[in-house]
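These numbers come from a predicted model, not from an experiment. Every number for a ligand or one of its atoms is a count from 1 in the order of the listing.
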Amino acid sequence: MKNFKKLIIITGPSGVGKGTVVKEILDNNSDIWLSISATTRKPRKGEKDGENYYFLTDESFKDMIDNKEFLEWAQFAGNYYGTPLATVNEKIEKGFIVLLEIEIEGAKQIKDKFPEALSIFLLPPSKEELEKRIRKRGTEKEEAINKRLNRANYEIASSNKFDFVLTNHDVDETVNRVLKIIKS
Ligand code: 5GP
């Protein structure tokens with residue numbers, strides 16, 4: 001069994017700013033590696049297979065579940081998302097700190113299986129601000145926005161299950177706080 005002390009989970013509702021915070025961290029820390037997830041969601045404009053996600057069919061995703069190739073997987077807003085296990089193991093063995101940017105059900109699965117992994121939940125300053133951020137991103141249709149907002153209420157209610165809860169008021173401030181937690 002691997003030791004996942006170097007596994008860091010960043011979770012929180014869609015639109016909270018996980019992606020922006022993670023990008024900022026990666027740009028300035030070559031010892032930290034971000035896992036590329038698999039998903040059955042269709043690529044957004046500009047997203048590339050193998051860079052943003054591995055974009056899979058339902059069938060291929062289910063094959064990977066059957067073959068136990070995921071560290072965790074979950075359904076989110078009508079699509080499947082999962083973390084491929086092999087590369088995470090490989091990067092940890094090479095000494096990298098591995099970041100996962102995932103939704104809350106997957107984060108809980110990892111916490112249950114590997115309590116030594118560190119989990120950070122990002123909260124929005126308010127639900128109104130979260131809605132504003134999702135709409136401003138402009139990547140989802142109305143139905144998908146509503147699914148994400150409904151789910152956010154449930155996700156926020158579970159924030160106390162994680163090791164650290166940070167309110168993402170400002171990206172730079174959140175990045176500094178996350179880095180302090182990771183490096184301590
Ligand atoms: P999006 O469709 O906006 O890219 O992602 C939707 C949600 O799925 C986000 O909260 C994102 O963090 C989460 N997500 C991305 N990859 C994974 C994964 O591998 N596993 C799980 N459980 N969630 C993921």
Show the atoms of ligand 1 that are less than 4.0 angstrom away from any heavy atom in [X].
| X | result |
| --- | --- |
| R41 | 1 (P), 2 (O), 4 (O) |
| G106 | 22 (N) |
| G82 | 18 (C), 19 (O), 20 (N) |
| A74 | 22 (N) |
| T83 | 19 (O) |

Are N28 and L179 close enough, and set up right, to give a side chain to side chain contact (heavy atoms under 4.5 Å, CB included), and what steps lead you there?
-> CA-CA 10 Å; N28 298 298; L179 281 174; over 6 Å; no

Contact partition for Y81 relative to ligand 1, non-hydrogen atoms under 4.0 Å =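 Near ligand 1, Y81 shows its backbone as well as its side chain.
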
Which one holds for R44 and ligand 1: side chain close, backbone close, both close, or neither close, with close meaning a heavy atom under 4.0 Å?
->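 Side chain only; the backbone of R44 stays clear of ligand 1.
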
For [atom], which protein heavy atom lies nearest, and how many Å away is it?
| atom | value |
| --- | --- |
| atom 19 (O) of ligand 1 | S37 OG, 2.7 Å |
| atom 11 (C) of ligand 1 | E101 OE2, 3.8 Å |
| atom 10 (O) of ligand 1 | K18 NZ, 3.0 Å |
| atom 13 (C) of ligand 1 | E103 N, 3.5 Å |
| atom 20 (N) of ligand 1 | E72 OE2, 2.7 Å |

Taking a cutoff of less than 4.0 Å between a non-hydrogen atom of the residue and any ligand atom, is [X] in contact with ligand 1?
| X | value |
| --- | --- |
| Q109 | no |
| R148 | yes |
| E105 | no |

Atom CZ of F55 and atom CZ of R41: how far apart are they, to the nearest 0.5 Å?
->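 Spacing of CZ (F55) from CZ (R41) equals 5.5 Å.
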
Nearest-0.5 Å distance, OG1 of residue T40 to CD of residue E59 =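 Between atom OG1 of T40 and atom CD of E59 there are 13.0 Å.
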
Please answer whether the main-chain N or O of L122 pairs with a side-chain N or O of N168 as donor and acceptor at a distance below 3.5 Å.
->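 No, the answer is negative, given that no donor and acceptor are paired below the 3.5 Å cut-off.
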
Candidate with minimal heavy-atom separation from atom 5 (O) of ligand 1, of Y54, W73, Y80, Y53 |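 Comparing heavy atoms across Y54, W73, Y80, Y53, the nearest one to atom 5 (O) of ligand 1 lies in Y53.
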
Backbone or side chain, does any N or O of P13 fall under 3.5 Å from an N or O of ligand 1?
->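 It does not: no N or O of P13 is found under 3.5 Å from an N or O of ligand 1.
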
Under-4.0 Å salt bridge between [X] and [Y]:
| X | Y | result |
| --- | --- | --- |
| E72 | K108 | no |
| K23 | D27 | yes |
| E90 | K94 | yes |
| E129 | R133 | yes |
| K183 | D31 | yes |

Dump the intermediate steps for side-chain hydrogen bond (donor to acceptor under 3.5 Å, both in side chains) on Y154 and E105, then the final yes or no.
-> CA-CA 11 Å; Y154 156 76; E105 290 307 321; 2.3 Å; yes

Are F4 and N89 close enough, and set up right, to give a side chain to side chain contact (heavy atoms under 4.5 Å, CB included), and what steps lead you there?
-> CA-CA 9 Å; F4 282 134; N89 280 340; 3.5 Å; yes

